[in-house]
2 protein chains.
Amino acid sequence: MNTPFSIIIADDHSMFLDGLTSILAEEASINIILTAKTGIQVLKYLRINTEENIDLVITDINMPEMDGVELNAAIKEEFPKIKTLVVSMLEDAKKIKTLTEANANGYISKNAEKTELLKAIKSILEGQNYFSPRIKQILMEAMFSEKSEPEISLSKRETEVLKLIAQEFTTQEIADQLFLSKHTIESYRKNLISKLGVRNLAGLTRYAVEKGMLD
Amino acid sequence: MNTPFSIIIADDHSMFLDGLTSILAEEASINIILTAKTGIQVLKYLRINTEENIDLVITDINMPEMDGVELNAAIKEEFPKIKTLVVSMLEDAKKIKTLTEANANGYISKNAEKTELLKAIKSILEGQNYFSPRIKQILMEAMFSEKSEPEISLSKRETEVLKLIAQEFTTQEIADQLFLSKHTIESYRKNLISKLGVRNLAGLTRYAVEKGMLD
DNA sequence: TTGGTTTTCACTGAAAACCGTGATAATTTA
DNA sequence: TAAATTATCACGGTTTTCAGTGAAAACCAA
């Protein structure tokens, strides 16, 4: 075994952070340089300690301020030599896809076994990307389902009107709020109904709520 | 230090399980007897090894098959002497409330510090319950907000009609499906609107979706 | 058994939504 | 720059929703 690898771990759940640290501390080939609770902390460290050659950053997805997806992108942008391994609670196809597109080197679920974690780290440090079979499968499924769901894109105004509709405003009220004619809002409503493939206000509202447009 | 305490840890995320185990393994006063991935495994163990005096069960809330809430209830039912500490990702007021009502001995968030974890375990093993200040606060808030939201109860039929409305069926269609008069459905719609304090179909749909009635 | 809740049905008039079928101008994108 | 998209407005006719009012039968709990 040559010089140990330098790694950084980021996770806002300190219990998990401590746990992961404990697990990896047992590995002689691994040196934990930093544990952080936000992506920003990691970036700051990397920017200041440029002479320190960090090999790998292990990061959670859900973190306050700067999440794992953003952190990964920032690292790949500023420090392309540093490898990244994303560890997440959820198996969200979209996020995984974004991550692969942003050149993350690996993705494993938090319910992966310790052995899989070590395997992933080892693979990545050796220069290979690691995505578990399960993740690969989810990715594949996402690719297919994406094609069947041809992403409906709504314009600014359409989105605005849809939100107001879902908030129980009548056509006239929406028109007044936006300083538009009642007819205009009716056109938008009609377009939304046909665009989204729904039948009525209920359908529009359901779409808006399910897409989280009302937060 | 007298005889070490015997504890069991349950969490479906093995990485967390390993982590927690690593942390607690450092404590001389703690003996980890079992780590499990579901509540059922824990119960089975307890039922078989009755002679083994388990002091504490640390459990996650979100687990497949039998979650932490159910596990806690089952333990308190069958093995009232065993203490329980619930560790969770989320700070869901309702679940916390349910847990306190089911006599869980402690609740801490997964983003609690290691020191807090140890403090909680120590307190509980000494016979005191442990709920972090933050959790107490959430509980208090829940109590108040509960009073301001006086639980709207819907009858079977009302629920049925509401679901169909949110699924974009028209009054006539709902009437046909339920073999009722159109007027009847209109009455239900009207009652629902006034009961739920909304203005129209959009409001009804939003309520149904947000309450997860359409799954 | 009595009183509350639930379920069912009916009518009216006004308001709103829905459908079809347009059109014009501005803006964005290819 | 040409084409596509977006934003705006219009009208007539039909259907549906909404608000108010009323009521009978059935069921459940005290």
Side-chain angles (χ1 to χ4, degrees), chain A residues 98 101 146-214, chain B residues 146-214:
Chain A
T98 314
E101 281 163 2
E146 191 178 314
K147 275 170 193 164
S148 63
E149 240 185 74
E151 298 174 31
I152 303 147
S153 76
L154 301 181
S155 72
K156 257 190 189 174
R157 267 297 199 218
E158 283 173 336
T159 308
E160 205 173 3
V161 172
L162 177 53
K163 275 185 195 172
L164 292 170
I165 287 174
Q167 279 164 39
E168 300 173 60
F169 292 107
T170 66
T171 300
Q172 189 57 63
E173 287 167 344
I174 297 171
D176 293 346
Q177 275 188 58
L178 303 180
F179 304 106
L180 294 174
S181 153
K182 173 182 139 185
H183 301 293
T184 308
I185 306 302
E186 278 177 345
S187 287
Y188 281 122
R189 178 168 23 81
K190 216 177 334 179
N191 276 329
L192 285 165
I193 287 176
S194 79
K195 254 193 180 178
L196 304 179
V198 298
R199 297 178 64 191
N200 51 31
L201 278 195
L204 292 178
T205 306
R206 205 175 147 192
Y207 181 91
V209 177
E210 284 174 353
K211 294 285 174 184
M213 295 174 70
L214 307 180
Chain B
E146 192 179 311
K147 275 172 194 163
S148 65
E149 244 184 72
E151 298 173 30
I152 303 148
S153 77
L154 300 181
S155 72
K156 258 190 188 175
R157 266 299 198 219
E158 284 173 334
T159 308
E160 205 174 3
V161 172
L162 176 53
K163 276 186 194 171
L164 292 169
I165 287 174
Q167 279 165 36
E168 298 175 59
F169 292 107
T170 65
T171 301
Q172 190 57 63
E173 288 168 345
I174 296 171
D176 292 346
Q177 275 188 58
L178 302 181
F179 303 106
L180 294 174
S181 155
K182 174 181 136 186
H183 301 294
T184 308
I185 307 303
E186 279 175 348
S187 287
Y188 281 121
R189 180 172 15 86
K190 213 181 332 179
N191 275 329
L192 285 165
I193 287 176
S194 79
K195 253 193 183 179
L196 304 179
V198 298
R199 298 178 64 190
N200 52 31
L201 280 193
L204 292 178
T205 306
R206 208 175 145 191
Y207 182 91
V209 177
E210 283 173 353
K211 293 286 175 185
M213 296 174 69
L214 307 179

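These figures come from a predicted structure and were not determined experimentally. A note on names: the letters A, B, ... follow the listed sequences, proteins ahead of strands, and every chain is numbered from 1.
- Judged by closest nucleotide on DNA chain C, B/Ser155 is the one of B/Lys182 and B/Ser155 placed further toward the 5' end.
- Note: A/Leu201 CG to A/Leu192 CG = 10.5 Å, rounded to the nearest 0.5 Å.
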**Prompt:** Once each nucleotide of nucleotides 11-19 of chain C is scored for protein heavy atoms under 4.0 Å, what B/S/- sequence comes out, 5' to 3'?
**Reply:** ------SB-
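- In this structure A/Ser187 satisfies the side-chain contact (heavy atoms from CB on, under 4.5 Å) test with no other residue, sequence neighbours excluded.
- Residues passing the salt bridge (Lys or Arg N to Asp or Glu O under 4.0 Å) test with A/Glu158 are A/Lys195, sequence neighbours excluded.
- With pairs defined as Watson-Crick or G-U wobble and both atom distances under 3.5 Å, the stems of at least three pairs that touch DNA chain D come out as C:1-30 with D:1-30.
- Residues A/Ile193 and A/Asn200 approach most closely at CD1-CA, 4.2 Å, considering heavy atoms.
- Remark: P of D/dT16 and CD of B/Glu168 are 15 Å apart, rounded to the nearest angstrom.
- Rounded to whole Å, the distance from CD1 on B/Ile174 to P on C/dT8 is 13 Å.
- One finds the CD atom of A/Glu186 at 9.0 Å from the CD atom of A/Gln172 (value rounded to the nearest 0.5 Å).
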**Request:** Start with the C-alpha distance between A/Leu196 and A/Leu154, add both sets of side-chain angles, then the distance that settles side-chain contact (heavy atoms from CB on, under 4.5 Å), and finish with yes or no.
**Result:** CA-CA 9 Å; A/Leu196 304 179; A/Leu154 301 181; 4.1 Å; yes
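- At the heavy-atom level, B/Ser194 lies nowhere under 4.0 Å from the strands shown.
- Taking CD from B/Gln167 and CE from B/Met213, the interatomic distance works out to 10.0 Å, rounded to the nearest 0.5 Å.
- Qualifying side chain to side chain donor-acceptor pair (under 3.5 Å) partners for B/Thr184, counting only residues two or more places apart in sequence or in other chains: none.
- Between the P atom of D/dT8 and the CZ atom of A/Phe179 lies a distance of 13 Å, rounded to the nearest Å.
- DNA chain D lies under 4.0 Å from no heavy atom of any residue of residues 156-165 of chain B.
- Under the salt bridge (charged side-chain N to carboxylate O under 4.0 Å, His left out) criterion, the residue pairs touching residues 169-181 of chain A are A/Glu173-B/Arg199, with sequence neighbours excluded.
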**Item:** Candidate pair A/Thr205 and A/Glu168, rule side-chain contact (heavy atoms from CB on, under 4.5 Å), full reasoning
**Value:** CA-CA 9 Å; A/Thr205 306; A/Glu168 300 173 60; over 6 Å; no
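- What separates CG of B/Asn191 from P of D/dT17 is a distance of 16 Å, to the nearest Å.
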Which side-chain N or O atoms in residues 159-166 of chain B pair as donor and acceptor under 3.5 Å with protein atoms at least two apart or in another chain?
{"from": "B/Thr159", "atom 1": "OG1", "to": "B/Ser155", "atom 2": "O", "distance (Å)": "2.7"}
{"from": "B/Glu160", "atom 1": "OE1", "to": "B/Arg157", "atom 2": "NH1", "distance (Å)": "2.8"}

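- The base of C/dC9 is not paired with the side chain of B/Thr184 by any donor and acceptor separated by under 3.5 Å.
- Applying the 4.0 Å criterion to OP1 and OP2 of C/dA10, one finds that B/Ser181 has a side-chain N or O inside that range.
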